[in-house]
Each structure stands twice: as C-alpha cells, then as structure tokens.
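For this chain, numbers begin at 1 and follow the sequence in order. Numbering of ligands and ligand atoms starts at 1, following listing order. Note: hydrogens, waters and symmetry copies are ignored here, and every other heavy atom, side chains too, is used.
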Amino acid sequence: MAPRVVVLISGTGSNLQALIDAINSGELQAEIPLVISNRSKVFGLERAERAGIPTKVLALKPYTTAGKTRNQYDEDLAQLIGAAKPDLVVLAGFMHILSPSFLDQFPSTPLINLHPALPGQFDGAKAIERAFEAYQSGQIKHTGVMVHRVIQEVDGGEPLLVREVEIKPEDDLAALQERIHSVEHKLLVQGTAMVLQEEEAKKRSAVSS
Ligand SMILES: Nc1nc2c(c(=O)[nH]1)N[C@@H](CN(C=O)c1ccc(C(=O)N[C@@H](CCC(=O)O)C(=O)O)cc1)CN2
Ligand SMILES: NCC(=O)N[C@@H]1O[C@H](COP(=O)([O-])[O-])[C@@H](O)[C@H]1O
C-alpha cells in the first residue's frame, strides 16, 4: 500500500500540484488521501478536486467568531488529519501557526514544511518579499528555499533540504517569486520522498529487530 501523505494548503496549491504530478508520473510513490485548506475558495482545492483527492476546509474564523480558541481549532485539525491515517503530513503553503496541542497529537508522524527562505533568515510569513527588500538594501546577496521538520518554533525545525536561490540585479519581485517557486516544486517532491524513505527504513528495521 502506498504511503499516505496528507497535505495542508492555504492558497494557489502549486506545490500541491507538484506532489500530485510527481505521484501521477511515478516519481513519487505515495497517495494523498486528503487535502485540507484553512481558506475556502482557493485554487489549491480545485487542483485537489481535479485530481480526485478528497478535500476539507477548516477555517479559523468561525472558531474565533464563536469565541473558541486556536487550540480548539488545532485539536479539530489534528482529528481531521488523524482520521486520514497519514504516514506524513506536508505543509505546502499552509499559513497557520500550529500550536503544541496540535503537534502533541502527532508524536510519531513526521510533519514537514516548505519555506521559501534559508534557515534562520526570514522565518514566518512573506519571506520572499522580505528577502527581496533585504537584497535591494544590500543586506543579502541571495536567498533560498528549504524543507524542514515542523516544531513549535516557526520555521525553526531541522532543515532536511536547503537550496540557495540567486537574486539578479534586474529582478523584480515577480521574477524572484517565479524562480523560487520553481525550486520549491522540485524540493518539496524530493523532501517528501526523502522522509517517506526514512519512514520505510524505520519500519523495516523495527520488523527485523
Ligand atoms: N508550529 C509551527 N507552525 C507552522 C510552521 C512551523 O514551522 N511551526 N510552519 C508554518 C509555515 N509558515 C512558514 O513557513 C508560516 C505560516 C503562517 C505564519 C503566520 O504568521 N500565520 C498567521 C496568520 C497569517 C495569515 O493568515 O495570513 C497566524 O497563524 O496567526 C507564519 C509562518 C506553518 N505553521
Ligand atoms: N511560510 C510558509 C510560506 O510562505 N509558504 C509559501 O507559500 C507559497 C504557497 O504556494 P502554493 O499555494 O502555490 O503552493 C509557497 O511559496 C510557499 O513557500
């Protein structure tokens, strides 16, 4: 049975599409039983539906409107994910900071995140924009992309794959974003495959020991 990868999104879903395409081409041996978005009406949901992948929208706003806490949201999110029995959870542009109450629900399921910056450089949201501004003010000469493990510290988890990305003097923000996205799409597939292989190796060694 193919390993089960639950994907969390918040937007366009181009990185989700990279995973779908890699699975369909046979490059990535996995299946995606569920895509969850914290925002409705995003194109990523359409990408999943076109690929025949079940989707769920779990937005934070109804929780805050009802006076519920982020922890309650995170617990419901964890329950949704857990029900899909994932071997791996991939955050592919998921713009929600996960709380300890969420992370505690997955002590042995790997969670990874794709972040469009180098380790420790532009943690958090709007990393590409911040890198572009930093380049323009001479603070950096290049930026990058990483796939990292998800821990409580946002984007502070162990980097699994890191790629530097050139910034050219003639770049505008759109050109840099395009260059970064093309690196992201490859890196996320590689990072997902790497972690799934690690998990498979762990299972084999557990069986043989
Ligand atoms: N506990 C963790 N949660 C998340 C991680 C992580 O490493 N640890 N990675 C992020 C992804 N991310 C950057 O890669 C990121 C996403 C969202 C935000 C953020 O500020 N979110 C705000 C809402 C912003 C919005 O809705 O536009 C929030 O959650 O209040 C920062 C970093 C995924 N989560
Ligand atoms: N902090 C997390 C973060 O900024 N993630 C970024 O959101 C975008 C999602 O694009 P997509 O919806 O087309 O995959 C990607 O650029 C990803 O690196």
Side-chain angles (χ1 to χ4, degrees), residues 5-22 32 35-48 50-51 53 55 57-64 69-75 77-78 81 89-106 109-132 143-163 165 173-192 195:
V5 180
V6 170
V7 183
L8 307 186
I9 65 170
S10 295
T12 316
S14 66
N15 286 285
L16 166 66
Q17 191 64 56
L19 293 172
I20 292 169
D21 294 347
I32 301 174
V35 168
I36 300 174
S37 176
N38 67 338
R39 295 175 188 163
S40 60
K41 300 184 181 63
V42 292
F43 190 56
L45 290 168
E46 194 167 324
R47 292 181 192 267
R50 286 179 185 178
I53 298 171
T55 62
V57 175
L58 190 71
L60 178 64
K61 195 165 172 27
Y63 285 74
T64 48
T69 66
R70 281 180 75 113
N71 272 4
Q72 285 172 298
Y73 173 88
D74 282 12
E75 283 160 16
L77 177 64
I81 295 168
V89 181
V90 174
L91 279 57
F94 185 62
M95 301 307 285
H96 173 85
I97 297 175
L98 297 166
S99 60
S101 61
F102 176 92
L103 299 171
D104 292 348
Q105 304 294 317
F106 299 100
T109 305
L111 292 90
I112 63 173
N113 177 54
L114 173 71
H115 186 57
L118 293 173
Q121 250 199 354
F122 300 105
D123 294 346
K126 301 191 182 307
I128 304 174
E129 294 84 342
R130 291 153 57 201
F132 188 62
T143 184
V145 178
M146 67 171 167
V147 175
H148 65 88
R149 292 195 186 282
V150 174
I151 62 173
Q152 180 47 36
E153 182 193 349
V154 175
D155 301 326
E158 174 202 358
L160 296 167
L161 291 173
V162 180
R163 290 289 179 280
V165 175
L173 178 59
L176 177 59
Q177 285 172 327
E178 188 178 345
R179 191 173 306 121
I180 284 182
H181 291 332
S182 65
V183 172
E184 287 179 332
H185 300 159
K186 299 186 194 86
L187 210 63
L188 187 58
V189 171
Q190 287 169 8
T192 300
V195 174

Chemist: State whether a side-chain donor-acceptor pair under 3.5 Å links Glu75 with Asn71.
Modeler: no
Chemist: State if Ala127 counts as touching ligand 2 under the rule of any non-hydrogen atom under 4.0 Å.
Modeler: no
Chemist: When you compare ligand 1 with Arg149, is there at least one nitrogen or oxygen pair between them that comes in under 3.5 angstrom?
Modeler: no
Chemist: Side chain, backbone, both or neither: which part of Val154 comes within less than 4.0 Å of ligand 1 when only heavy atoms are counted?
Modeler: both
Chemist: Give the table of side-chain donor-acceptor pairs shorter than 3.5 Å for residues 174-181, with sequence neighbours excluded, one pair per line with atom names and distance.
Modeler:
| unit_1 | atom_1 | unit_2 | atom_2 | d |
| --- | --- | --- | --- | --- |
| Arg179 | NH1 | Glu166 | O | 2.9 |
| Arg179 | NH1 | Asp171 | OD2 | 2.6 |
| Arg179 | NH2 | Asp171 | OD1 | 2.8 |
| Arg179 | NH2 | Asp171 | OD2 | 3.3 |
| His181 | ND1 | Glu184 | OE1 | 2.8 |

Chemist: Test of understanding: with side-chain contact (heavy atoms from CB on, under 4.5 Å), list the residues that count as partners of Arg130, not counting sequence neighbours.
Modeler: Phe122, Lys126
Chemist: For atom 22 (C) of ligand 1, grab the closest protein heavy atom and report residue, atom and distance to one decimal in Å.
Modeler: Met95 O, 4.3 Å
Chemist: Do me a favour and list the nearest non-hydrogen protein atom to atom 27 (O) of ligand 1 with residue, atom name and distance?
Modeler: Arg39 NH2, 2.8 Å
Chemist: Any idea which atoms of ligand 2 are less than 4.0 Å away from a heavy-atom of His181?
Modeler: 16 (O)
Chemist: Should Leu60 be listed as contacting ligand 1, given a heavy-atom distance under 4.0 Å as the test?
Modeler: no
Chemist: Is there a donor-acceptor contact under 3.5 Å linking the side chains of Ser99 and Ser101?
Modeler: yes
Chemist: Look only at interatomic distance and state if Gly156 has a nitrogen or oxygen under 3.5 Å from any nitrogen or oxygen of ligand 1.
Modeler: no
Chemist: Give yes if a backbone or side-chain nitrogen or oxygen of Asn113 is under 3.5 Å from a nitrogen or oxygen of ligand 2, and no if not.
Modeler: no
Chemist: Provide, to 0.1 Å, the distance between atom 28 (C) of ligand 1 and the closest protein heavy atom, together with that atom's residue and name.
Modeler: Arg70 NH2, 3.6 Å
Chemist: Below 3.5 angstrom, do we get any N/O pair linking Lys126 and ligand 2?
Modeler: no
Chemist: Distance to 0.1 Å, residue and atom name: give those for the protein heavy atom nearest to atom 3 (N) of ligand 1.
Modeler: Leu98 N, 3.0 Å
Chemist: Is there a polar contact between ligand 2 and Asn15, counting only N or O atoms under 3.5 Å apart?
Modeler: yes
Chemist: Run the contact test for Gly124 against ligand 1 with a 4.0 Å cut-off on heavy atoms, strictly below, and give the result.
Modeler: yes
Chemist: At a 4.0 Å threshold, what atoms of ligand 2 neighbour a non-hydrogen atom of Gly93?
Modeler: 5 (N), 7 (O), 9 (C)
Chemist: Heavy-atom contacts with Phe94 under 4.0 Å: which atoms of ligand 1 show up? List them by number with element.
Modeler: 11 (C), 16 (C), 33 (C)
Chemist: Looking at ligand 2, does any of its N/O atoms fall within less than 3.5 Å of an N/O of Met95?
Modeler: no
Chemist: For ligand 1 and Ala125, I'd like to know whether there is a polar contact (N/O to N/O, distance under 3.5 Å).
Modeler: no
Chemist: For ligand 2, is Gly124 a contact, meaning one of its heavy atoms is under 4.0 Å away?
Modeler: yes
Chemist: Ignoring angles and geometry beyond distance, decide whether Leu91 reaches within less than 3.5 Å of ligand 1 through its nitrogen or oxygen atoms.
Modeler: no
